[in-house]
Amino acid sequence: MGKHKILIIDDDLNIRKTLSDILKMKGYEVFTSVNGADGLDLIKRSPVNLAVVDLGLPDMSGLEVLNRIREGYSFIETIILTGNASLDSAIEATNKGAFSYLLKPYEPEVLLLHITRAIEKQQARETITRHTLELERMNAQLTKVNAELVHEISERKRAEEEKEELIVELQENLAKIKTLSGLLPICAHCKNIRDDKGYWSQIEAYIEDHSETEFSHGICPECAIKYYPDMDLYDDNGVVTE
């Protein structure tokens with residue numbers, strides 16, 4: 001992780017230099033500005049972790065700077081410094097979201113403690129935001145995976161239903177085939193068949209009723225010779241003549 005960035009906005013040169021030197025010795029990357037407009041422009045070009053803002057700036061109030069930072073860069077923590085403290089300004093700074101409100105002249109150790117705590121708060125909020133975004137990404141991914149699983153389960157269920165339909169159809173066809181199996185009473189003379197209800201019918205009618213078989217009628221060579229001796233329907237080898 002790179003250095004934490006701190007912006008000092010104060011029109012007092014001595015305060016800017018002293019505070020800047022102290023913070024650099026503590027490992028911070030420091031930027032300075034003499035007024036609110038320049039400070040806000042610097043933040044726009046290079047956002048910082050923390051802004052230390054003087055309440056009485058030459059171009060605008062430090063509370064106005066605080067307000068603009070909170071509106072456009074809510075992740076930046078702000079500490080207000082002032083040489084003319086009042087209860088009203090302290091309350092207003094707190095209400096506008098300032099991390100703390102210190103009176104000049106300040107003790108360096110106290111200011112450093114406030115800066116440390118402010119940056120810890122800023123980093124914790126940034127971590128929470130990052131984790132929240134990661135959780136949202138993971139939730140979106142899980143939603144997608146769940147949708148794919150639901151689709152896969154639906155497809156599997158549909159395949160199972162088709163399989164069951166095929167099994168039923170196969171069983172029905174097997175049942176039809178079974179109706180033609182076993183011993184059937186058949187007349188030795190006319191070749192009619194007696195069904196399971198005791199009715200006699202032609203063999204082709206019985207088979208058609210109990211299966212998907214269809215018959216077409218013709219005449220075999222033996223019957224052709226027997227019943228139609230004058231018609232040359234077959235040659236000597238039993239082949240149909242043209």
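Since the model is a prediction, treat every value here as computed from it, not as a measurement.
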If every non-hydrogen atom of [X] is compared with every non-hydrogen atom of [Y], which pair is closest and at what distance?
| X | Y | result |
| --- | --- | --- |
| L63 | K96 | O-CD, 3.8 Å |
| A93 | L66 | O-CD2, 3.5 Å |
| I8 | S20 | CD1-N, 3.7 Å |
| D38 | N35 | N-OD1, 2.8 Å |
| I9 | G39 | CD1-CA, 3.8 Å |
| I76 | R125 | N-NH2, 4.3 Å |

Please determine if [X] and [Y] form a salt bridge, counting it only when a charged side-chain N lies under 4.0 Å from a carboxylate O.
| X | Y | value |
| --- | --- | --- |
| R156 | E152 | yes |
| R117 | E120 | yes |
| E155 | R158 | yes |
| E134 | R137 | yes |

Would you compute the distance between atom [atom1] of [X] and atom [atom2] of [Y] and round it to the nearest 0.5 angstrom?
| X | Y | atom1 | atom2 | value |
| --- | --- | --- | --- | --- |
| S33 | D10 | OG | CG | 10.0 Å |
| T18 | N14 | OG1 | CG | 6.0 Å |
| Q123 | F75 | CD | CZ | 11.0 Å |
| L166 | E161 | CG | CD | 12.0 Å |
| L133 | I128 | CG | CD1 | 12.0 Å |
| E169 | E162 | CD | CD | 12.0 Å |

| Does anything in residues 47-57 pair up under salt bridge (charged side-chain N to carboxylate O under 4.0 Å, His left out), and if so which pairs, sequence neighbours excluded? |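 Sorted pair list: D54-K104.
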
For residues [X] and [Y], determine if any side-chain heavy atom of one lies less than 4.5 Å from a side-chain heavy atom of the other.
| X | Y | result |
| --- | --- | --- |
| E64 | L57 | no |
| F99 | L50 | no |
| V65 | M60 | yes |
| L40 | K44 | no |

Shared hydrophobic cluster for [X] and [Y] (ILVMFWY, side-chain gaps under 4.5 Å):
| X | Y | answer |
| --- | --- | --- |
| L55 | Y106 | no |
| Y101 | L81 | no |
| V34 | I43 | no |
| V52 | V48 | no |
| L102 | L23 | yes |

| request: Kindly say whether N139 contributes a backbone atom to a donor-acceptor pair with the side chain of T143 at under 3.5 angstrom? | output: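 Answer holds: yes.
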
| query | Within a reach of under 6.0 Å around CD of E107, are more than 12 heavy atoms found that belong to other residues, nucleotides or ligands? | reply |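 No.
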
| query | So which residues get pulled into V145's cluster when ILVMFWY side chains under 4.5 Å apart are joined, directly or through others? | reply |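 For the cluster that includes V145, the remaining residues are L149.
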
| field | Identified side chain to side chain contact (heavy atoms under 4.5 Å, CB included) partner of K26 from the options L112, I6, D21 | value |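 Of the listed options, the one satisfying the test is L112.
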
| field | Qualifying residue, where the test is side chain to side chain contact (heavy atoms under 4.5 Å, CB included) with I115 and the options are N49, I22, V110, I79 | value |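 In the set N49, I22, V110, I79, the residue that makes a side chain to side chain contact (heavy atoms under 4.5 Å, CB included) with I115 is I79.
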
